[in-house]
Amino acid sequence: MKLLETYIFRRVGQMFLVALLPVLAIIWTTQVLQRVNLVTDSGQSMGSFAKLATLILPSIIPIVLPFAIVIGVTQTLTTMNNDSELTVIDAAGAKRSIILRPILILAAVVSVFSFLVDNVVEPKAKTGVRQMVAAAYADLLSTVIEEKNFRRIDTGLYVQISERLAGRVLKGLFVVDERDPAFELIYYAREGAVDDKGTSLIMHDGEVHRKTPSGEVSVIRFDSYSFDLSDLTQNRGQATLRASDRELPFLLNPDPNDKDYIDKPGSYRAELHRRLTDWVLPMVFALISLAIAGDARSHREARLHPMVAALVFAFAIRWASFYAANQIDKDREYIGVLYAIPIVASLLAIASLAHHKRLSVVSTISDRIGESWQRLLRRFARSPDSSAGGGA
């Protein structure tokens, strides 16, 4: 890259990191705090808590990256415009690619990084989190829960044990599961134990009472029953991996015998197309930011701050993509809508850049808001003078 391109690349990159790291830290902290009770209640060490926090981080990064690009690009270009740097670049007859190229290169690098995190790192991290949750709940049942006391271990899930023996053996198990609004499950077993892997609670010689909202009760006796602790959902002892936990090769070619895929094929379809579109958002948002803030404009011109306009546009695209991805689970027709959203947004931004015009919709709205804001400021500025003149 040329000297000027390197200068722009460095400034945008610095502002990108300044925007990314604080926001990422705030969201990461809120997600980690939701797991604090699990770690403290189950007697986990500080090292386990740090590992859990690290495994949560990859699921947050792809969400924050596109918006950090918007802030980095718009703030840098707005500062350069205020310092008359964009005006000097235009007056010197420099090609527009001097501004576009470094920003698009940064956006491309961020997009590739987002793809790798979303499709390689995040699935493995989610699997690790699920295993840690299973181990924590296993410890909660086998070592932490006090005898003859009900203990809430999750929303709508309560456990009581009568006696704890050596080898993680539990006597007099009583489990109440009210998490599913369609029915209430009550388990009673004379004896139980957490398996060696810590992923399942094996109950022996007991009953399951299933009560529906209408009051109907069914009772099933069992000699042996398995309760999965990895995600605290009742199954037959198999580890549950959801669509979001799968790697990209599995989503491209799912195992037709996989139980979760058989139960929820739509979720796998939706997850696949979400991953194939989300990673391009940094590039799309960079184009939109360039179309909004990449031109030199007068300081006296009333307009909404380019960052605000670009973020509004970015949030609208992100919400539309999120809605379309969720609808794919039930309706295949939304697959085309999901791919059309970033393509149409990119084409509008490219057309705007090619004709040296800002995006018309955002331009009109931002100009109107900016003019109204300037009129409001002038009105407040005149009010003290008017009152003073009337008093004289």
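We number each residue from 1, following the sequence as shown.
- Atom-to-atom distance recorded for Leu290:CG and Phe285:CZ is 13.5 Å, nearest 0.5 angstrom.
- Looking at Gln160 and Val176, their side chains never come closer than 4.5 Å, going by heavy atoms from C-beta outward.
- Both Trp279 and Leu116 are part of a single hydrophobic cluster, where members link through side-chain heavy atoms under 4.5 Å apart.
- When the side chain to side chain contact (heavy atoms under 4.5 Å, CB included) test is applied to Leu311, the partners found at least two apart in sequence or on another chain are Phe67, Val70, Ile71, Met307, Phe315.
- Between Ser321 and Ile317 the shortest side-chain heavy-atom distance falls below 4.5 Å.
- Note on residues 324-344: pairs passing side chain to side chain donor-acceptor pair (under 3.5 Å), not counting sequence neighbours, are His273-Tyr339.
- Both Leu338 and Ile335 are members of a single hydrophobic cluster when ILVMFWY side chains are connected at heavy-atom separations under 4.5 Å.
- Looking at Met80 and Arg11, their side chains come closer than 4.5 Å, going by heavy atoms from C-beta outward.
- Tyr7 and Glu85 share a donor-acceptor pair across their side chains, judged by distance under 3.5 Å alone.
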**OP:** Apply the test side-chain contact (heavy atoms from CB on, under 4.5 Å) to residues Phe16 and Ile69: give CA-CA distance (whole Å), side-chain angles for both, the deciding distance (0.1 Å), then the verdict.
**Re:** CA-CA 6 Å; Phe16 165 73; Ile69 279 287; 3.8 Å; yes
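- When side chains are defined from C-beta on, Ile328 does not count as touching Glu271, because their heavy atoms never get closer than 4.5 Å.
- For the pair Glu184 and Lys211, the salt-bridge criterion is not met [side-chain N within less than 4.0 Å of a carboxylate O].
- The hydrophobic cluster of Ile220 has no other members, since no ILVMFWY side-chain heavy atom comes under 4.5 Å of it.
- Remark: Pro254 pairs with Phe250, Tyr261 by the side chain to side chain contact (heavy atoms under 4.5 Å, CB included) rule, at least two apart or across chains.
- Taking CZ of Phe174 as the start and CE of Met203 as the end, the distance is 11.5 Å to the nearest 0.5 Å.
- Cluster membership for Val73 and Ile105, using ILVMFWY side-chain heavy atoms within less than 4.5 angstrom, is shared.
- For the atom pair Glu5 CD and Ile103 CD1, the distance stands at 10.5 Å (nearest 0.5 Å).
- Between Ile202 and Ser224, the closest side-chain pair of non-hydrogen atoms falls below 4.5 Å.
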Subject >> Stepwise side-chain contact (heavy atoms from CB on, under 4.5 Å) test for Leu77 and Ile99 >> reply: CA-CA 9 Å; Leu77 293 179; Ile99 298 176; 4.0 Å; yes
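- Taking 4.5 Å as the limit, every side-chain heavy atom of Leu248 sits out of range of all side-chain heavy atoms of Val120.
- No donor-acceptor pair closer than 3.5 Å links the side chain of Ser97 to the backbone N or O of Arg101.
- Across all their heavy atoms, Ala53 and Val32 have their closest contact at CB-CG2, 3.7 Å.
- The environment of Asp223 atom CG is sparse: at most 12 non-hydrogen atoms of other residues, nucleotides or ligands sit within 6.0 angstrom.
- A pairwise comparison of heavy atoms in Thr29 and Ala25 identifies OG1-O, 2.7 Å as the closest pair.
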**OP:** Kindly indicate, with the supporting measurements, whether the criterion side-chain contact (heavy atoms from CB on, under 4.5 Å) is fulfilled by Arg275 and Phe115.
**Re:** CA-CA 8 Å; Arg275 291 196 194 176; Phe115 178 85; over 6 Å; no
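- Two different hydrophobic clusters hold Ile262 and Leu272 under the rule that ILVMFWY side chains link at heavy-atom gaps under 4.5 Å.
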Original post:
Between Tyr225 and Tyr187, does a ring-ring contact (aromatic ring centres under 6.0 Å, His included) hold up when you go through it step by step?
Top reply: CA-CA 10 Å; Tyr225 199 91; Tyr187 303 86; 5.6 Å; yes
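- For Phe222, the CZ atom counts as densely surrounded, since its 6.0 Å shell holds more than 12 non-hydrogen atoms of other residues, nucleotides or ligands.
- A salt bridge does not link Asp245 with Lys124: none of the charged nitrogens is closer than 4.0 Å to a carboxylate oxygen.
- To the nearest 0.5 Å, atom CG of residue Leu57 and atom CD of residue Gln31 are 11.0 Å apart.
- Annotation: the span from Ile8 atom CD1 to Leu3 atom CG amounts to 10.0 Å, rounded to 0.5 Å.
- Scored by the salt bridge (charged side-chain N to carboxylate O under 4.0 Å, His left out) test, Asp255 finds no partners at all (sequence neighbours excluded).
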**OP:** Dump the intermediate steps for side-chain contact (heavy atoms from CB on, under 4.5 Å) on Arg221 and Val208, then the final yes or no.
**Re:** CA-CA 6 Å; Arg221 290 192 56 83; Val208 180; over 6 Å; no
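- Within the 4.5 Å cutoff, side-chain heavy atoms of Arg318 are placed close to those of Leu281.
- Residue Met283 comes nearest to Leu104 through the heavy atom pair CE-O, 3.5 Å, listed as atom of the first residue, atom of the second, then distance.
- When atom types are taken as modelled, the side chain of Asn82 and the backbone of Thr78 share a donor-acceptor pair closer than 3.5 angstrom.
- By the 4.5 Å heavy-atom criterion applied to side chains, Val64 and Ile27 are counted as neighbours.
- The heavy-atom pair separating Thr76 from Gly72 by the smallest distance is OG1-O, 2.7 Å.
- The side chain to side chain contact (heavy atoms under 4.5 Å, CB included) search around Ser346 returns Val284, Leu287, not counting sequence neighbours.
- The two residues Pro22 and Leu17 come nearest to each other via the heavy atoms CD-O, 4.1 Å.
- Atom CG of Asp278 sits about 11.5 Å away from atom CG of Leu65, to the nearest 0.5 Å.
- Residues Phe113 and Ile61 approach most closely at CE2-CG2, 3.9 Å, considering heavy atoms.
- Under the 4.5 Å side-chain heavy-atom criterion for ILVMFWY residues, no single connected hydrophobic cluster contains both Ile98 and Val88.
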